[in-house]
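Note that this is a predicted model, so its numbers are computed, not measured. Naming: A, B, ... by sequence-line order, numbering from 1 per chain.
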Amino acid sequence: MKYESQKVAMYYFAGALALFVAQVLFGVLMGTVVVVPNFLSELLPFNIMRMVHTNALIVWLLMGFFGCAYYLIPEEAERELHSTKLAIIQFWLFLFGAAAAVVGYLFRIHEGREFLEQPLWIKLAIVVVALMFLYNVSMTVLKGRKTAITSVLLLGLWGIAVFFLFSLYNPSNLVLDKMFWWWVVHLWVEGVWELVMASVLAFLMIKMTGVDREVVEKWLYLIIALTLFTGILGTGHHYYWIGTPGYWQWIGSIFSALEVFPFFAMVIFTFYMVWKGGRTHPNKAALLWSLGCSAFAFFGAGVWGFMHTLAPINYYTHGTQVTAAHGHLAFYGAYVMLNIAMFTYAMPNILKREPYNQVLNMWGFWITSGGVAFMTFALTFAGVVQTHLQRVMGMNFMEVQEQLGLFYWLRLGAGVAVLVGTILIVWSLAVPGSRQKAASQAGLAAAE
Amino acid sequence: MSETLTKAAARNIFYGGTVFFFLIFIGLVAHSVTTASAIATNNPITPSVAAGKHIWERHACIDCHTILGEGAYFAPELGNVWVRFGGKESPDGARDALKAWMKAQPTGIAGRRQMPHFAITDAELDQLVDFLKWTSEINTQNWPPQVSG
Amino acid sequence: MNAKLKDNAEWGALSALPGNPMIWILIISELVVFGLALIGFMAMRFLKPEIFATGQAALDYWLGGLNTMFLITSGWCAARAVHARSRDQRQKARLWLGGAGMFGAAFLVVKLVEWSEKLSQGHDIAFDAFFTLFYLITGFHAAHVVMGLAILAIVGWWDSLENLKTGTAFWHMVDLIWLIIFPVIYLARGL
Amino acid sequence: MTEERRLFRAWLILMSLTLVSLLAAFGGEGIEGGSALSLAVLMGTAFIKTRQVLDHFLDLREARAGWRAFFTLLLAGLLLILLGVGLIPTLMQEAT
């Protein structure tokens, strides 16, 4: 860490980690309801838990992105942040908005479009928060050194704000509603968020592998070009069955089949850089998360996405547990792991902790990743069985669900493992390590 | 050959290509918006349908159910629930059955997923049913493959 | 020179290709995209032979052939432009580039005439499986032609040899793809 | 051969092969329009034409053998798939 103002990132990291735990906790609760249906059904119905689970995820990922940006941008722009005070005010406002939304949900105050359940005033507050943030980081970049990483990151962050505006548009025509709902959801996660992901990964590669900036930045452009060239028209895979014209089946199938390539390029990029760099960075855990991020994103977003993206296949799998499997692995691999990689890299620097709980953090990595992977397999099997029984045989939805009990129990077990792993990760980042642990970690690293 | 410019060219290709694909996307979406709006001429969105959509949202139905395959996968697909309840053959019967079903929730049966009891008036229930009927008439390219949803 | 070589080598295997490595990524990607679409076209032609026979019979061989020749000639002009520029004949290069643009524009005019004729007969994109694919593939290609014309104009203005090479490479790709589209959609009929 | 002549020759080959493909599709002496042979001629001419563009307009002839082979495989693969799928109806007819 070179600049004092990078410290504001800590607020965001801490807020994000707290919400991360809440998100996983609610996930476990939902996993329990699925196998024990009467659990909490009066007090806290499933739909309320669901919106807490998904909204907490989105908010903590965004909060993490903000933190990443506040850490990364001063270092790239080679100057202090435009306004530290504004960044702190923005944090509290954002946290207040998120907390108000969650408390409101528990009292049934919400709107009703998936992921966009926030009441209107909170949506507007989010816009204000985003504008404060964009003003702050853009000013910093404009006054400082401009690099490919900062311009791509800014493009991604501005894109997040611009496409969020479509959440304010809710026509009575359900078809139009859905079309533009995807402008938020798809153009976020398979568009501008990937710009954030690629640029943060590029930053981490420069810092941890010591490979030349020139090389990294060329890769960055290659990856994001592939991302947007496939991802924008890849939106077509959401326009198959919602009342839009049939030609989207061709567009969606062809372009989203190619969405695997940017993720593949990211795997090649990170592994090649680490192999080429040769410099052994002391922060092994951050390196592990970075590599894990590209690998899990490739499987989750790339492979699991491809499995059901072709229109003739999606015709049968659309809206089954196959989608749930893909969603969990993709979000975890691409965005959860990206944030944790950055937190793991940045937090010891900010807190000036030379030895910290690296081993514990890596345990957290393996347990959480193992849990999510197992959950993905369980849900994939559930989805395949569901597709066959419900979409081919024409069995009734609830009857089919009863057949899937075993998979849902397995998923719950995996969810508990994820919760344990999450707590380990948070603990390892929040609690200082001891010299002894540092020594044993050195031994472990040597053994690897 | 001067290769020092390749990074600038790579950047230009990225920005140019992104604008290109985004313009194509906007063009196609604009075309789709006209077809989506045309749906409303054959199958008008009456005030009741619009109100029904609002009720659907107010109770966050999508966070358990799915509609046209999008939602929470916890409860049945409702895009075609009108058809599943026989609305095509006997609209009145389907309407009554749907309303009775919603009024009877939660069932409280042990081991069965529970739908909460929503305080919805009879008039609102009619509007909700109108919305579901309207939705069932969207041309979804024959999705879902089975009436079971 | 050494720095340049090193820079070039950093693209890995792609550095061994003539011209800008990113443009080659683009060429390969576009070949894959159009390749998938054309394979889809052939597969649908097998699944719905009557619809495709009627649809293809409604297309005009000669308009397609004429357009092919326009693009080929346009590509030749573009190659000559790069050749002239490499000998520092800037004005000559711009003339050749202008010629390439003219033939490209002629291609678009023919395309528009062809589409409007089809549309006036009621054959729009939703008409049947054949016309859906016909409009998607030729439309997406035509969008590339429009983009290509813009690129030719840009590199005509900022006319370094490097820019000219990259810009015309895009143009040749558009040409290349048409050379596969044309026989598949217009000529491969009657089987 | 000068650069200009090389480019001109490429143009000439492309133009002539376009005529050949039109004739093959139309049918005529020795070749029936719409036959398996005509489809093969169409894909064959397309292959030669795309190679001309790659080699002479895009200067692929200067690249390493590996890259040239890659593009040969890519194009030949694509055109062969197109030919194969295009011929299925004829093959099925002959089988029955």
Cut-off 4.5 Å, heavy atoms of chain B, and the answer for Val400(A) is neither
Using non-hydrogen atoms only, which part of Thr18(B) is less than 4.5 Å away from chain A: side chain, backbone, both, or neither?
both
Who wins among Ile45(B), Ile13(B), Thr35(B) for the most heavy-atom pairs under 4.5 Å with chain A?
Ile45(B)
If you tally heavy-atom pairs under 4.5 Å between each of Thr235(A), Val175(A), Leu174(A) and chain B, the highest tally belongs to Leu174(A)
Kindly say whether Gln390(A) contributes a backbone atom to a donor-acceptor pair with the side chain of Ser148(B) at under 3.5 angstrom?
yes
For the backbone of Gly79(B) and the side chain of Glu77(B), can you confirm whether one donor and one acceptor N or O come within less than 3.5 Å of each other?
yes
Using a cut-off of under 4.5 Å on heavy-atom pairs, state which of Ser32(B), Ala40(B), Ala36(B), Gly17(B) scores highest against chain A.
Ser32(B)
Top of Ile138(B), Ile24(B), Val49(B) for chain A proximity - count of heavy-atom pairs under 4.5 angstrom
Ile138(B)
With a 4.5 Å heavy-atom cut-off (strictly below), which parts of residues 240-249 of chain A touch chain B? List them by number.
Tyr240(A), Trp241(A), Ile242(A), Gly243(A), Thr244(A), Pro245(A), Gly246(A), Tyr247(A), Trp248(A), Gln249(A)
For chain A, the option from Ala72(B), Cys61(B), Ala50(B), Pro116(B) that forms the most heavy-atom pairs under 4.5 Å
Ala72(B)
Does any heavy atom of chain B fall under 4.5 Å from the side chain of Tyr105(A), the backbone, both, or neither of them?
neither
Heavy atoms only, distances under 4.5 angstrom: which of Gly52(B), Cys64(B), Pro76(B) has the most pairs with chain A? Name it, please.
Pro76(B)
May I ask you to decide if Ala311(A)'s main-chain N or O and Ser253(A)'s side chain share a donor-acceptor pair within less than 3.5 Å?
yes
Go through the atoms of His59(B) and report whether side chain, backbone, both or neither lie under 4.5 Å from a heavy atom of chain A.
backbone
Between Asn314(A) and Leu310(A) (side chain of the first, backbone of the second, donor and acceptor by atom type, cut-off under 3.5 Å), is there such a pair?
no
Please state whether the rings of His238(A) and Trp182(A) are parallel, tilted or perpendicular, taking 30° and 60° as the class boundaries.
parallel
Is there a donor-acceptor contact under 3.5 Å linking the side chains of Tyr73(B) and Gln386(A)?
no
Using only non-hydrogen atoms and a strict under-4.5 angstrom cutoff, which residues of residues 222-229 of chain A touch chain B?
Ile224(A), Ala225(A), Leu228(A), Phe229(A)
Of all of Asn396(A), Leu176(A), Val33(A), which one pairs up most often with chain B through heavy atoms under 4.5 Å apart?
Leu176(A)
Please confirm whether the backbone N or O of Thr380(A) pairs with a side-chain atom of His326(A), one donor and one acceptor, at under 3.5 Å?
no
What part of Val29(B) gets within 4.5 angstrom of chain A, counting heavy atoms only: side chain, backbone, both, or neither?
both
Contact part of Asn173(A) toward chain B, heavy-atom cut-off under 4.5 Å: side chain, backbone, both or neither?
both
Is a side-chain donor or acceptor of Gln105(B) paired with a backbone partner of Trp101(B) at a separation under 3.5 angstrom?
yes
If you count heavy-atom pairs within less than 4.5 Å of chain B, which of Trp183(A), Phe39(A), Phe255(A) leads?
Trp183(A)
Counting only non-hydrogen atoms closer than 4.5 Å, does Ile67(B) touch chain A with its backbone (N, CA, C, O), its side chain (CB onward), both, or neither?
both
Do you know which of Tyr15(B), Phe20(B), Phe14(B), Trp134(B) has the most heavy-atom pairs with chain A at a distance under 4.5 angstrom?
Phe14(B)
Under a 4.5 Å heavy-atom cutoff, which of Thr54(A), Val36(A), Leu187(A), Thr320(A) has the most pairs with chain B?
Thr320(A)
Does Ser199(A) reach the main-chain N or O of Leu195(A) with its side chain, forming a donor-acceptor pair under 3.5 Å?
yes
Pair Glu214(A) + Lys218(A): basic N to acidic O under 4.0 Å:
no
Do the ring centers of His237(A) and His186(A) come within less than 6.0 Å of each other?
yes
Determine yes or no for a side-chain-to-main-chain donor-acceptor pair under 3.5 angstrom, with Lys53(B) supplying the side chain and Pro171(A) the backbone.
yes
Check each atom of Leu220(A) against the heavy atoms of chain B and say whether the ones under 4.5 Å are side chain, backbone, both or neither.
neither
Any chance the rings of Phe115(A) and Trp181(A) have centres within less than 6.0 Å?
yes
Can you give me the closest heavy-atom contact between Pro144(B) and Asn80(B), atom names plus distance?
CG-ND2, 3.4 Å
Top residue by heavy-atom pair count (under 4.5 Å) with chain B, among Gln321(A), His110(A), Met49(A)?
His110(A)
Please look at Met395(A) and chain B and tell me whether the side chain, the backbone, both or neither of the residue comes under 4.5 angstrom of a heavy atom of that chain.
backbone
Do any N or O atoms from the side chain of Arg84(B) and from the backbone of Val147(B) form a donor-acceptor pair under 3.5 angstrom?
yes
Are Glu217(A) and Arg11(B) ion-paired here, with the side-chain N under 4.0 Å from a carboxylate O?
no
So does Glu111(A) pair up with Lys123(A), basic N to acidic O under 4.0 Å?
yes
For Leu43(A) and Arg108(A), which heavy atoms make the closest approach, and how far apart are they?
O-NH2, 3.4 Å
Assess Arg113(B) against Phe74(B): is NZ or CZ under 6.0 Å from the centre of the six-membered ring, and within 45 degrees of the ring's axis?
yes
For the pair Glu124(B) (side chain) and Thr121(B) (backbone), establish whether a donor and an acceptor sit closer than 3.5 Å, ignoring hydrogens and angles.
yes
When only pairs under 4.5 Å are counted, which of Ile48(A), Asn170(A), Val35(A) shares the most heavy-atom pairs with chain B?
Asn170(A)
